[in-house]
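All remarks here apply to the structure that follows.
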Amino acid sequence: MYLHIGNGKSVKKKDVIGIFDLDTATVTKTGKEFINRLEKSGAVEYDDDDLPRSFVLVEENKRIKIKLSRISSKGLKARALYDSFDREI
């Protein structure tokens, strides 16, 4: 299963470590340092001109990455929960 994170991008649900609100995650010094460290290593991805509202922390190929999204963390969580239910087609 995949989680659509906006702007035509999706991530594998099994790779998702967490979904975070960008405003609250960057309030603390630790949060800022964590994001800055990943950004410096090239592990932050964003393909949109709008301001990001949340980020999805994923592990891809044994590497931690941040995928920024303009969708709120609440919206992404709802998508993740909704898509996890089995549906008949």
Side-chain angles (χ1 to χ4, degrees):
M1 290 292 239
Y2 288 86
L3 172 63
H4 180 261
I5 61 170
N7 202 31
K9 301 291 181 183
S10 296
V11 295
K12 292 180 183 178
K13 281 190 183 183
K14 68 179 185 81
D15 293 342
V16 174
I17 297 168
I19 298 171
F20 302 90
D21 180 86
L22 197 55
D23 289 335
T24 58
T26 56
V27 170
T28 65
K29 181 180 177 183
T30 306
K32 287 179 198 174
E33 288 174 352
F34 177 73
I35 293 171
N36 285 336
R37 188 174 70 236
L38 287 174
E39 189 173 25
K40 286 178 184 177
S41 71
V44 175
E45 298 178 12
Y46 191 58
D47 299 323
D48 202 342
D49 292 332
D50 288 341
L51 288 175
R53 296 176 66 193
S54 63
F55 68 91
V56 181
L57 190 64
V58 297
E59 182 180 359
E60 293 179 346
N61 302 321
K62 299 187 180 195
R63 188 166 179 230
I64 302 295
K65 293 184 178 183
I66 289 178
K67 310 270 186 169
L68 295 169
S69 174
R70 64 180 166 176
I71 301 169
S72 70
S73 57
K74 187 176 179 179
L76 290 173
K77 180 181 175 185
R79 286 180 183 201
L81 292 174
Y82 176 76
D83 288 343
S84 67
F85 294 112
D86 292 326
R87 298 185 304 261
E88 285 189 33
I89 298 176

Member of Glu60, Glu39, Glu59 meeting the salt bridge (charged side-chain N to carboxylate O under 4.0 Å, His left out) criterion with Lys65: Glu60
Main-chain N/O of His4 paired to Arg79 side chain as donor or acceptor, under 3.5 Å: yes
Polar side-chain atom of Asp21 near backbone of Asp23 as donor-acceptor pair, under 3.5 Å: yes
Phe34 with Val58, same ILVMFWY side-chain cluster at under 4.5 Å: no
Any side-chain heavy-atom pair of Arg53 and Leu22 under 4.5 Å: no
Rounded distance [0.5 Å steps], NZ in Lys67 versus CG in Leu3: 11.5 Å
Cluster overlap Val56 with Tyr46, hydrophobic side-chain contacts below 4.5 Å: no
Check against side-chain contact (heavy atoms from CB on, under 4.5 Å), Val44 and Leu68: CA-CA 7 Å; Val44 175; Leu68 295 169; 3.7 Å; yes
More than 12 heavy atoms of other groups within 6.0 Å of Asp49 CG: no
Minimum side-chain heavy-atom gap Ile66-Leu57 below 4.5 Å: yes
Those residues that, when tested against Lys74, pass side-chain contact (heavy atoms from CB on, under 4.5 Å) (two or more places apart): Ser72
Over all atoms of both residues, closest heavy-atom pair of Ile64 and Ile17: CD1-CD1, 3.4 Å
N/O donor-acceptor pair under 3.5 Å between Ser69 side chain and Ser54 backbone: no
Within-4.5 Å side-chain heavy-atom neighbours: Lys12 and Tyr2: yes
Pairwise distance CG(Asn7) to CG(Asp48) - rounded to 0.5 angstrom: 4.5 Å
